[in-house]
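To start, the structure under review is shown below, and the notes come after it.
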Protein chains: 2
Amino acid sequence: METAVEEKGVVECTAFNSTECRGAITGVRDALYVLNGKWKIPLIVALSEGPLRFKDIQRSLGDITPKILSKELKELELNEFVIRTVYSTTPVTVTYQLTPYSRSLDKVMKELKDWGIQHRQRIVASRKANSSN
Amino acid sequence: METAVEEKGVVECTAFNSTECRGAITGVRDALYVLNGKWKIPLIVALSEGPLRFKDIQRSLGDITPKILSKELKELELNEFVIRTVYSTTPVTVTYQLTPYSRSLDKVMKELKDWGIQHRQRIVASRKANSSN
DNA sequence: GATACCGGTATCCTTTAGGATAGTAGTATC
DNA sequence: GATACTACTATCCTAAAGGATACCGGTATC
């Protein structure tokens, strides 16, 4: 974390008052506002292949408790990413599916997923390189 | 939030055991692991137009306290997204700039920003529609 | 009659994130 | 000598996120 002191000149710092940059910051903050927390994005990905039932979502995500899952699904419903449908079977069946609007997130999800996959590979590769010293 | 009970048949729910889907969930979770919290992504966006000094970043983000900013910058440094450089001017100057690796996030950032901007417009439009009733 | 499944709630608790406020060393300026 | 600036750190605190555990009514199965 400690960086050696450098003797070069000072870099000019003017980017912070660019309106373009400010708009970009607002943009990502707006996006993060509705996609906040640990679960929203994984949940949307889990539902992206088709409707799932409550228990199936739990199994899919592996370690989410029903309380948290319930809360997250409600928030996704409020933001029009998810539709909850109840079928009067016995016992009752409830499915959750993505709305058409949630599809506008497809590109975001794809880029995030691709980046995460390459990042993991990078970490693994650098670990191997270190252990072979 | 309450949905009427529907009388249709039960939808099959098999997507949760697709390996493709599981890989995607792991991918986004890996990405979110390093991009966690309220500030990492806005910080990267703020630095994306060039190096900035500590105070300039603060001004750019508007409402981040120095303690939080310091912590977030250290984490970004650990994950090789940011380089900290000290210039021995008087008073000392410290700049933060993105690494080449952080540029691999460009597409993610762009998609997130674009989505956030259109989402805000959508919200504003739907508010207008409601208030004109 | 005991157990299990479904779709959750209720209660309690811990952890983390994040913020408010103050202060620091060193220099420079008024 | 008082004040200001930079780049932080220290201390204290609150609020929110998240998790563990237990439980519920209804039904079906063994």
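In what follows, chains are A, B, ... by sequence order, proteins preceding strands, each numbered from 1.
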*Reading nucleotides 15-20 of chain D from the 5' end, what letters show protein touch, with B for base, S for backbone sugar-phosphate only, - for no heavy atom under 4.0 Å?*
---BBB
Atom-to-atom span, [atom1] of [X] to [atom2] of [N] - whole angstrom:
X       : N     : atom1 : atom2 : value
B:Leu52 : D:dA7 : CG    : P     : 11 Å
B:Phe54 : D:dT6 : CZ    : P     : 12 Å
B:Gln58 : D:dC5 : CD    : C1'   : 13 Å
B:Leu73 : D:dT9 : CG    : P     : 10 Å
B:Glu77 : D:dA7 : CD    : P     : 15 Å
B:Lys55 : D:dT9 : NZ    : C1'   : 13 Å

*Would you call A:Asp106 and A:Lys110 a salt bridge, using N to O less than 4.0 angstrom?*
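Not counted as a salt bridge, because no side-chain N and carboxylate O are separated by less than 4.0 Å.
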Under 3.5 Å, which protein N or O atoms sit close to an N or O of nucleotides 22-30 of chain D? Give each pair with its distance.
unit_1 : atom_1 : unit_2  : atom_2 : d
D:dA28 : OP1    : A:Thr90 : OG1    : 3.2

Are any of the side-chain heavy atoms of [X] and [Y] separated by less than 4.5 Å?
X        : Y       : value
A:Arg103 : A:Leu98 : yes
A:Thr85  : A:Val94 : no
A:Lys38  : B:Arg29 : yes

*Do the ring planes of A:His119 and B:Tyr101 sit parallel (below 30°), tilted (30 to 60°) or perpendicular (above 60°)?*
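Correct class here is parallel.
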*Could you tell me whether the side chain of A:Asn36 and the main chain of A:Tyr33 form a donor-acceptor pair under 3.5 Å?*
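Confirmed, A:Asn36 side chain pairs with A:Tyr33 backbone.
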*Candidates B:Thr95, B:Ile64, B:Leu73 - the one meeting side-chain contact (heavy atoms from CB on, under 4.5 Å) with B:Ile57*: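 Single side-chain contact (heavy atoms from CB on, under 4.5 Å) partner of B:Ile57 among B:Thr95, B:Ile64, B:Leu73: B:Leu73.
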Indicate whether OP1 or OP2 belonging to [N] is found under 4.0 Å from a side-chain N or O atom of [X].
X       : N     : result
B:Arg59 : D:dA7 : no
B:Arg53 : D:dA7 : yes
B:Lys74 : D:dT9 : yes
B:Tyr87 : D:dT6 : no

*Return each pair, listed once, that meets salt bridge (Lys or Arg N to Asp or Glu O under 4.0 Å) where at least one residue sits in residues 117-126 of chain B; pairs must be two or more places apart or across chains.*
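Listed by first then second residue: A:Asp30-B:Arg120, A:Glu80-B:Arg122.
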*Taking every non-hydrogen atom, the tightest pair across B:Tyr96 and B:Leu47*: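 Smallest interatomic distance, heavy atoms only, reads O-CD2, 3.4 Å.
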